[in-house]
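The figures that follow rest on heavy atoms only: side chains count, while hydrogens, waters and symmetry mates do not.
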Amino acid sequence: MACKAMHQLLFLVYGLLTFNVVPVAFGYRRSGVPFKVHKAVVIQKESLVQQRAGSPETVSAQCTEWDVIVTINPDLLGIQHPVQASDLSVGGCGVTSQTPTAFVIEAPLQGCGSTVMMLTDEMVYTFTLDYIPSPIPGIPIIRTNPAVVQIECHYPRNHNVSSNALNPTWVPYTSTISAQDVLGFALIIMNSDWSGPSSSNVFYLGDLINLQASVDSTNHVPLLLFVDNCVASSASNGSAPIYTFIGNNGCFTDSKVTGSNSQFIIPRIAPSNLQIELDAFRFYGVATSSVFITCRLKVTLASQAIDNLNKACTYITGLSQWTSVDGSNQVCSCCDANCATGQKRRIEMARRRPGRSVKTTPVEWEKTLVVGPLFLEGKHHPAVSEHLTATEAKPAGSFMLVLGSMLVVLALTCSAFLLYLLYQKPQISN
């Protein structure tokens with residue numbers, strides 16, 4: 001270990017003297033594998049309800065070349081009420097390990113709801129740590145407030161160049177196509193028959209909300225679209241609790257967790273399209289009926305094999321199994337675990353092999369989009385009420401018909417009896 005540390009220190013000094021390498025720190029995982037630690041920033045939200053959430057005493061982060069490692073103190077809010085591991089997540093990714101004194105979440109840079117911003121001299125990946133308290137089992141109360149902590153990973157944008165670099169006198173081909181390397185992602189609420197965008201944003205419990213994700217891949221080689229993550233919230237500013245109905249890199253968890261009819265539509269209408277049917281729902285205990293949906297879309301080359309990080313899987317309740325939209329059901333086997341774990345291990349092994357490069361997804365091939373507000377109502381459709389009214393009117397009409405017939409028969413009987421009495425009276429007088 002000492003030899004490795006000395007070797008890294010010498011490499012760092014050499015880089016500073018010759019290549020203007022931006023210095024970064026080195027660390028070691030539990031397995032002993034070294035990794036570079038880049039600048040991490042934990043931002044505490046200015047809210048009294050969060051108490052100490054986000055302070056250095058409760059949340060810390062380490063940014064490596066492929067993920068962010070977030071460490072959370074169980075007393076997150078600093079009020080002597082330890083939080084539960086199941087109530088913590090980073091963009092839908094839960095706690096990966098824990099000790100009596102800390103919870104740890106390892107989130108890949110290209111997953112767990114991250115967003116990226118390109119600055120002049122650095123790239124900034126932003127994550128959101130959410131604490132959403134769940135009710136005490138058997139008791140409909142909670143003793144803590146939700147909290148949101150923002151985490152940023154800063155990476156330098158430097159290029160290694162040689163002192164004998166060749167300056168071309170022509171315009172490189174890659175420069176001429178860079179302007180064309182722009183993808184148009186879209187997320188649209190569709191009508192019930194998928195023939196076009198929906199003309200209304202009002203839905204009722206029991207409805208299926210049709211969402212269509214697409215990408216315009218003009219001037220590109222064929223691309224395959226995936227919905228990596230989708231969350232719903234009653235507010236658009238991140239202040240309300242969220243519900244992740246698609247997570248774990250393309251697993252439609254809503255159908256598994258709630259037994260709903262939510263699903264990815266099979267088959268695709270095109271490789272660049274993916275259709276979603278979401279069983280309508282409302283947030284419990286929230287006065288507003290509005291729902292905002294935020295989805296992270298991404299594409300890969302259509303020729304690339306489907307894997308754990310690039311997939312679209314639906315849980316079929318009747319069959320008790322996960323099914324892939326693209327027919328590769330084996331990639332869905334990780335939906336009940338952490339799909340990023342195995343892939344991250346393969347990336348780490350590839351990085352350690354001399355001469356091997358690791359393919360990463362271009363930033364331009366991912367996009368986070370928001371639709372809403374949708375308004376979810378609990379009452380029945382008017383058409384259903386009219387149908388019930390008409391159905392209930394039929395028995396009432398039949399009853400009145402029978403009653404009328406009985407009255408006619410009674411009237412005729414009374415008339416006949418009166419005539420009989422009038423006929424018998426003269427005979428009695430004689």
| request: State whether the side chain of Tyr131 and the backbone N or O of Ser89 hold a donor-acceptor pair below 3.5 Å, judged by distance alone. | output: no
4.5 Å side-chain heavy-atom contact, Met190 and Ser195 | no
Residues Ala107 and Asp67: closest non-hydrogen pair is O-CB, 3.1 Å
Discussion item. Are the side chains of Asn249 and Asn310 in contact, using a 4.5 Å heavy-atom criterion?
Written reply: no
### Query
So do Ile151 and Thr128 actually touch side chain to side chain, heavy atoms under 4.5 Å?
no
All heavy atoms of Ser214 vs all of Asn273, minimum pair found to be CB-ND2, 3.6 Å
Q) With a 4.5 Å limit on heavy-atom distance, are the side chains of Thr58 and Asp75 in contact? A) no
*Check whether any side-chain heavy atom of Phe226 sits under 4.5 Å from a side-chain heavy atom of Ile306, and report yes or no.*
yes
When rounded to the nearest 0.5 Å, the distance separating CG of Asn248 from OG1 of Thr253 is 8.5 Å
Scanning both residues in full, the closest heavy-atom pair of Val231 with Ile242 reads CG1-CD1, 4.4 Å
Residue pairs passing the salt bridge (Lys or Arg N to Asp or Glu O under 4.0 Å) test with at least one member in residues 314-330, sequence neighbours excluded, are Arg268-Asp326
Between Ala232 and Phe283 the two heavy atoms that sit nearest each other are O-CZ, 3.3 Å
Checklist entry - Would a distance-only check, ignoring hydrogens and angles, find a side-chain to backbone donor-acceptor pair under 3.5 Å from Thr244 to Gly247? => result no
### Task
Measure from the side-chain N and O atoms of Thr258 to the backbone N and O of Ser255, and report whether any donor-acceptor pair falls under 3.5 Å.
no
Check your understanding: Does the side chain of Ser260 come under 3.5 Å of the side chain of Asp254 through a donor N or O and an acceptor N or O?
Key -> yes
Distance col, row Thr323:OG1 vs Gln321:CD, nearest 0.5 angstrom, shows 4.5 Å
- Query: What class does the angle between the rings of Phe252 and Phe245 fall in, given that below 30° is parallel, 30 to 60° is tilted and above 60° is perpendicular?
  - Reply: tilted
Report task. Say whether, by atom type as modelled, one donor and one acceptor occur between the side chain of Ser134 and the main chain of Ser86 under 3.5 angstrom. Result -> no
Distance col, row Thr71:OG1 vs Ile105:CD1, nearest 0.5 angstrom, shows 9.5 Å
Taken to the nearest 0.5 Å, the spacing of Phe292 CZ from Ser234 OG works out to 8.5 Å
Distance col, row Leu183:CG vs Trp365:CH2, nearest 0.5 angstrom, shows 7.5 Å
Practice prompt. Report yes if some heavy atom in the side chain of Lys311 is under 4.5 Å from a heavy atom in the side chain of Cys251; otherwise report no.
Written response: yes
Q: Report the C-alpha separation of Leu301 and Leu224 in whole Å, then their side-chain angles, then the decisive distance to 0.1 Å, and conclude whether the side-chain contact (heavy atoms from CB on, under 4.5 Å) test is met.
A: CA-CA 6 Å; Leu301 294 174; Leu224 192 59; over 6 Å; no
Assess the side chains of Ser198 and Ser200: does a donor N or O sit below 3.5 Å from an acceptor N or O? no
- Query: Can Phe127 and Gln150 be said to form a side-chain contact (heavy atoms from CB on, under 4.5 Å), step by step?
  - Reply: CA-CA 6 Å; Phe127 297 83; Gln150 184 173 311; over 6 Å; no
Smallest heavy-atom separation, Glu152 atom then Cys63 atom, equals O-SG, 3.9 Å
*Worked check of side chain to side chain donor-acceptor pair (under 3.5 Å) between Tyr125 and Gln110*: CA-CA 9 Å; Tyr125 286 84; Gln110 301 292 340; 3.1 Å; yes
Does some side-chain heavy atom of Leu88 sit less than 4.5 Å from a side-chain heavy atom of Asp130? no
Q. If you measure from the SG of Cys334 to the SG of Cys339, is it under 2.5 Å?
A. yes
Judged by atom type as modelled, is there a donor-acceptor pair below 3.5 Å linking the side chain of Ser233 to the main-chain atoms of Ala235? yes
query: Checking disulfide (SG to SG under 2.5 Å) for the pair Cys230/Cys295: CA distance, chi angles, key distance, verdict?
result: CA-CA 4 Å; Cys230 276; Cys295 293; 1.9 Å; yes
Between Phe185 and Lys367 the two heavy atoms that sit nearest each other are CD1-CB, 3.4 Å
Please table the atom pairs, donor to acceptor, closer than 3.5 Å between any side-chain atom in residues 312-320 and protein atoms at least two apart or in another chain.
unit_1, atom_1, unit_2, atom_2, d
Thr314, OG1, Phe264, N, 3.0

(request) Test Ile293 against Val370 for side-chain contact (heavy atoms from CB on, under 4.5 Å), laying out the working first. (result) CA-CA 6 Å; Ile293 296 176; Val370 180; over 6 Å; no
Residue pair Asn210, Glu277: steps toward the side-chain contact (heavy atoms from CB on, under 4.5 Å) verdict = CA-CA 5 Å; Asn210 293 339; Glu277 282 186 342; 3.5 Å; yes
So the salt bridge (Lys or Arg N to Asp or Glu O under 4.0 Å) pairs with at least one residue in residues 191-200 (sequence neighbours excluded) are none
- Query: Would you find a donor on one side and an acceptor on the other, under 3.5 Å apart, between the side chain of Asp207 and the backbone of Ile209?
  - Reply: no
Original post:
So, the side chain of Ser114 versus the backbone of Leu109: is there a donor-acceptor pair under 3.5 Å, distance only?
Top reply: yes
In this structure, CD of Gln212 is separated from CG of Leu225 (nearest 0.5 Å) by 10.0 Å
Tyr204 vs Leu376 side-chain heavy atoms within contact, under 4.5 Å: no
